[in-house]
Amino acid sequence: MSIDTTPKQSWWSRIAHPGQFVAWTSPLLWPLTILTAVLFIIGLWFAFFNSPADYQMGDTVRIMYVHVPNAWLSQFVYGVMTVSALGTLVWRHPMADVSMKAAAPLGAMFTALALFTGALWGRPTWGTFWEWDGRMTSTLVLLFIYLGIVALWRAFDDQLRAARIIAVFTLVGAINIPIIKFSVDWWSTLHQPASVFRADGPTMPGSILTPLFVMFFAFTFLFLTLHLKAMHTEVKRRRVMGLQRRMAQGDAA
Amino acid sequence: MTDRQVFPPLTLRATGLSCGRGGMTLTADLSFAVAPGQCLLLRGPNGTGKTTLLLTLAGIVTPLAGTFELEGTDSEAGPQLHYCGHRNAVKPRLSVRENLDFWAQVNGPTGLDIQEALAEVGLGELGGLDAGYLSAGQSRRLALARLLVTHRPLWLLDEPTAALDAEGHELVTRLLDRHLDMGGLALAATHDPITLPDPGRMETLALGVRT
Amino acid sequence: MTDRQVFPPLTLRATGLSCGRGGMTLTADLSFAVAPGQCLLLRGPNGTGKTTLLLTLAGIVTPLAGTFELEGTDSEAGPQLHYCGHRNAVKPRLSVRENLDFWAQVNGPTGLDIQEALAEVGLGELGGLDAGYLSAGQSRRLALARLLVTHRPLWLLDEPTAALDAEGHELVTRLLDRHLDMGGLALAATHDPITLPDPGRMETLALGVRT
Amino acid sequence: MIDLGPHAVFIVWAYLGVAMTVAALVGWTLYDARSTARRLAELEARAPRRAAR
Amino acid sequence: MTALRAMLGRELRLALRGGGDVLTLVLFFIITGAIVAFAVGPDSVLLARIAPGMVWVAAFLAMLLGLDRLFRPDHEDGALILLRQAELPLSAAIAAKVMVHWLVSALPLILASPLLALQLAMDGETFWRMVASLLVGTPALAAFGAVGAAVTVSIRGGGLIAPILIAPLSIPVLIFGVGSITASQSSAALLFLAALSLMAVSLAPFAAALAISSAED
Amino acid sequence: MTALRAMLGRELRLALRGGGDVLTLVLFFIITGAIVAFAVGPDSVLLARIAPGMVWVAAFLAMLLGLDRLFRPDHEDGALILLRQAELPLSAAIAAKVMVHWLVSALPLILASPLLALQLAMDGETFWRMVASLLVGTPALAAFGAVGAAVTVSIRGGGLIAPILIAPLSIPVLIFGVGSITASQSSAALLFLAALSLMAVSLAPFAAALAISSAED
Ligand code: HEM
Ligand SMILES: Nc1ncnc2c1ncn2[C@@H]1O[C@H](COP(=O)(O)OP(=O)(O)OP(=O)(O)O)[C@@H](O)[C@H]1O
Ligand SMILES: Nc1ncnc2c1ncn2[C@@H]1O[C@H](COP(=O)(O)OP(=O)(O)OP(=O)(O)O)[C@@H](O)[C@H]1O
Ligand SMILES: [Mg+2]
Ligand SMILES: [Mg+2]
């Protein structure tokens, strides 16, 4: 039950102290922002002006450039949260729970956007906004999990204490998500005879792949930037709450 | 209970311990050692962190800084302490005896027999009663009986005499004294005067004066 | 609070009162009268029925026999008493001030102002704090503050000094004294010594010795 | 603007929705950062003794 | 009047500051809808048929889930004893509790019902009938629930009586509720539901207060 | 071993002496069936179609009802702190709790399921498949429920968050549960359900113990 507080002079301990973490990573913010903006500009230019319409799906293929990055991020962010949860539980890294908390709403948003763009894509290609297709449904479940985690964070008034508990839940979710994916696939093939076709053939021409990749990186960097900023805010928020409590208590010992 | 010194010689040592709640330090930089057969009384006004310190030592609250250790335990041994907090953990729906028996089983019935322990704390005749009917002081006595049915070297008592009558105060003193006789250690946070027969066994730690 | 004798002269009179729980008589055939400005201390070992007697007088438990009456009240008036039991009725989710304010509104804010009452019990600076963070003694102080925000002539106190530090004991004495000054009545069940400045105002009722 | 074909509505809505949501998120992140920083500065000004912990 | 307002404010705060805030409840209903879809399968005709029943079952469940929090916390921390001695009559305090119980456990459901309707493939007209029936019927559920909770909290071991007490009272509400969504004479059912609610809401606080104040500690 | 037995005995006694919880559960389960049957109307083909799904939805929702009582009382009277210092590992204590939770909240449902089968016009063979699927699948629900309850126990008044957290996690159970009643390869689904239950039951106590022991007071 003892805590080792001897200072270690590694980069690990330099980012372990919340205050130092902020000081250390703040210079990264602007380059990240600029990089994200540039990537978006290039990506959008490619997406609208420099890529052909798909011979099968026509111009709706352009939705892919926002759909796929969001769908990818919806899973990537959960990965980030899982790693952070491990960091909280195993290494007791003080920044890990900050990272975990900052990622949850972002993940929820990317998942919601994946659903939104998918639905808008489904209408012209499949003729319906919503189909109980395996991938779509498991994305929906993922959204529920994200929202549950966000609700959980809101429900705890002591965020320091909340972190380890939520880390446990995040890990349980991480084990379960592959199972959910699998079971949902099984379920929808069970209920739905092959009425769903997917256009994700492996033969994507390069002219489509280029904007896809650029947008992909643009969204990933967008996430990284927002995540970092949100982490800084969270560190400050914790200091605010500590100060407020101390003030509410009057002159503490 | 007949033989003295049933516990291996343990020492509770805290160095530079800071405890607090919600990131706020309450007791800063405490260093103390409690030797076998010694009792440390925690005193201080309301809200100075006596309960928090006890919870920290019990491993429930993480210390903000510093370390503490129960020196002399081999790492194989199970839990070495009894925490007796403000709340009595008495289940109203179970009888007094069932309540105590449960804790004896779960902690290992290495101490007194259930009935003996009940008699010791003055509940000998209420064993069959629904614990929900107990008065405040009787519930407290039942909580104290839990310390007797399982031998553990370290007692962390939070206001053990709360709700107890004069006879109950004596009871606590008697139990503490006997525990120390056996080589046990105790920390007790209390506002009531507790005087052991041998004052040399008691030390007092006054926690900072606030508000 | 500035003027003495704010209450009409009331007398609490019990004749042949028997109280008990679940059909079992605990305190048989009590007769006593508490005059304005008088405080009756209930003493007795754990489980003798002090709490039961207070609950009976509060109208929560029906007496087994006998009657009691608060003489001098007109029947129109609302509840005339404050009961302050073992449990503090403090809601962890509300701030200290919100907790007190609620009871002031619900009982009628006829007494001290919220902030004054909090300052009186020593919680003046904790008004904005979540009440769940209060220590045991601080919660007790908050429960006592409830007696101050609404003027009621009869106080029924069950171990008012529980969990309070030395300064808290003085606080209870001071509050009681002031209440009696205003012509109030009080019954207090306690194991701790309570000594009012004027001992003539206190009487002691020792409840039967059981078990 | 290039011709987006018969399904222009969906494409435009998809991009617009994503843009609006992302913009809202960026805005909220910035707002949250600013207001937290401001409150922190305020509090530290009020309690300079314990500003650093 | 200020006392009643204070009571309402306190209950609302207690309800909202807990984890049980409105967002949580709304989420709960959406997820219930998804669960049903997962269980029954993505057949919109089937889903639409069972939708009225599921909506009412979800409402019933939500009200049951919150029931234990109606009086038990106040009972356990001693506040209920103090409320019996308040200037504010106990029945008024209970009425405030029932109202807040409805506000935090039925209203969010009604607000979230469009999403539920979407998931369960409800058509527009059915949707509006559902909203009406929920608005009119849920107060009765809240009121009956309060009586059950009062009996449970005050009688030791009265746990057994409460469900037997609520079930026969709630079943008509559920039946008429579902009826007013599906049936051809839905307006008659709705009227009945309204009468039931009115009666329940006006009588329940007194019944609950009686149960509580006749209990010993 | 005796410690585990003591824990089981205590939990069972607490659950059974508490009174009406079990009955509430069963009543809720049956009422759900009745309401759905009423909503769908006397179309026994349709009823039989939705019956497997409805049974699982009802079971899932009913099991949510008892969730709050898994750890909260022990948290509030301080027993949970003491259990963390018991000789018996916390995870074993939680395993005992999960087991009793299953005994008092799933077993009664399975016993009451003939009534539901009757209401939903289930045929004999389906009925037996349903019993098997409930027997095999509900332990997983109990285990997930325990994790949800453990995660939310230190939230004051956080009764509704647990259902939200565990509902998405329970979807595989639901899908395979329904699948093992209806599908053509129902035995494969049943096997899967068994694997899921086994995994959940063996891991959940540790996860729950971790969550509880990392919560302060
Ligand atoms: C609400 C509806 C939808 C959801 C939730 C959804 C979800 C997903 C997910 C989770 C991925 C995997 C991303 C990754 O692993 O990186 C994905 C990829 C993809 N989706 Fe969707 N999708 C939806 C609708 C659609 C529609 C309607 C289409 C086109 C007709 C579509 C085409 C694709 C393509 C082409 C990919 C990338 C190829 C691949 O990774 O295999 N999606 N979507
Ligand atoms: N969960 C919490 N988060 C933040 N602050 C807390 C929390 N719990 C308690 N506190 C604060 O910690 C302080 C000390 O509490 P503690 O219970 O340790 O005091 P104590 O010395 O035991 O007092 P008492 O004699 O009244 O029992 C109190 O001022 C209280 O406001
Ligand atoms: N509901 C009940 N039914 C039957 N007996 C009860 C009930 N409640 C309490 N008792 C019994 O009544 C007795 C007195 O209880 P009471 O709480 O009045 O004692 P007390 O004098 O306040 O004791 P303490 O000093 O410990 O607070 C106890 O012996 C208890 O067993
Ligand atoms: Mg304390
Ligand atoms: Mg008492």
Side-chain angles (χ1 to χ4, degrees), chain E residues 14-15 17-21 24-25 27-28 31-32 34-41 43 45-47 49-58 60-62 64-69 73 76 105 148 152 155-164 166-167 170-171 174-175 177-179 181-182, chain F residues 17-28 30-41 43 46-47 49-58 60-62 64-65 67-69 72-73 76-77 152 155-164 167-168 170-172 174-175 177-178 182:
Chain E
L14 284 176
R17 293 212 188 140
D21 60 9
T24 317
L25 259 149
L27 258 178
F28 177 70
I31 292 180
T32 309
I35 292 273
V36 173
F38 275 115
V40 171
D43 181 338
V45 180
L46 263 184
L47 282 176
R49 280 294 285 280
I50 60 166
M54 282 328 297
V55 167
W56 270 99
V57 166
F60 185 44
L61 177 76
L64 281 183
L65 275 174
L67 221 52
D68 215 35
R69 252 157 294 147
E76 280 174 1
S105 66
T152 320
I155 301 175
R156 268 177 71 84
L160 252 155
I161 310 171
I164 297 184
I166 323 180
S170 306
I171 289 179
L174 292 179
I175 297 271
V178 173
I181 304 181
T182 50
Chain F
R17 294 206 190 143
D21 296 349
V22 176
L23 199 62
T24 314
L25 221 74
V26 172
L27 275 176
F28 177 78
I30 293 172
I31 290 180
T32 304
I35 294 303
V36 170
F38 176 79
V40 171
D43 180 344
L46 197 59
L47 270 180
R49 278 273 302 281
I50 61 167
M54 285 329 297
V55 167
W56 268 99
V57 169
F60 174 69
L61 295 181
L64 292 183
L65 274 175
L67 220 52
D68 215 33
R69 253 156 286 149
R72 192 165 301 275
E76 280 173 1
D77 71 2
T152 52
I155 303 174
R156 300 192 195 100
L160 254 173
I161 295 218
I164 290 182
S170 310
I171 285 177
L174 233 72
I175 289 179
V178 175
T182 49

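In the text below, chain A, chain B and the rest are named by the order of the sequence lines, each starting its count at 1.
Taking OG1 from E:T32 and CZ from F:F60, the interatomic distance works out to 8.0 Å, rounded to the nearest 0.5 Å. To the nearest 0.5 Å, atom CG of residue E:L64 and atom CD1 of residue F:I31 are 8.0 Å apart. Atom CZ of residue F:R49 and atom CG of residue E:L46 lie 4.5 Å apart, to the nearest 0.5 angstrom.
Nearest heavy atoms, F:F38 versus E:G179: CE2-N, 3.9 Å. Contact detail for F:V57 and E:A39: the closest heavy-atom pair is CG2-CB, 3.4 Å.
In terms of non-hydrogen atom pairs under 4.5 Å with chain E, the most contact-rich of F:I171, F:V36, F:D43 is F:I171. Top candidate by heavy-atom pairs under 4.5 Å with chain F, chosen from E:I175, E:I181, E:V45, E:I50, is E:I175. Here F:L65 is the residue among F:L27, F:I30, F:L65 with the most heavy-atom pairs under 4.5 Å with chain E.
Contact of F:L61 with chain E is made through backbone and side chain together, with heavy-atom distances under 4.5 Å.
Counting only heavy atoms from C-beta outward, the side chains of F:W56 and E:I35 never approach each other to under 4.5 Å.
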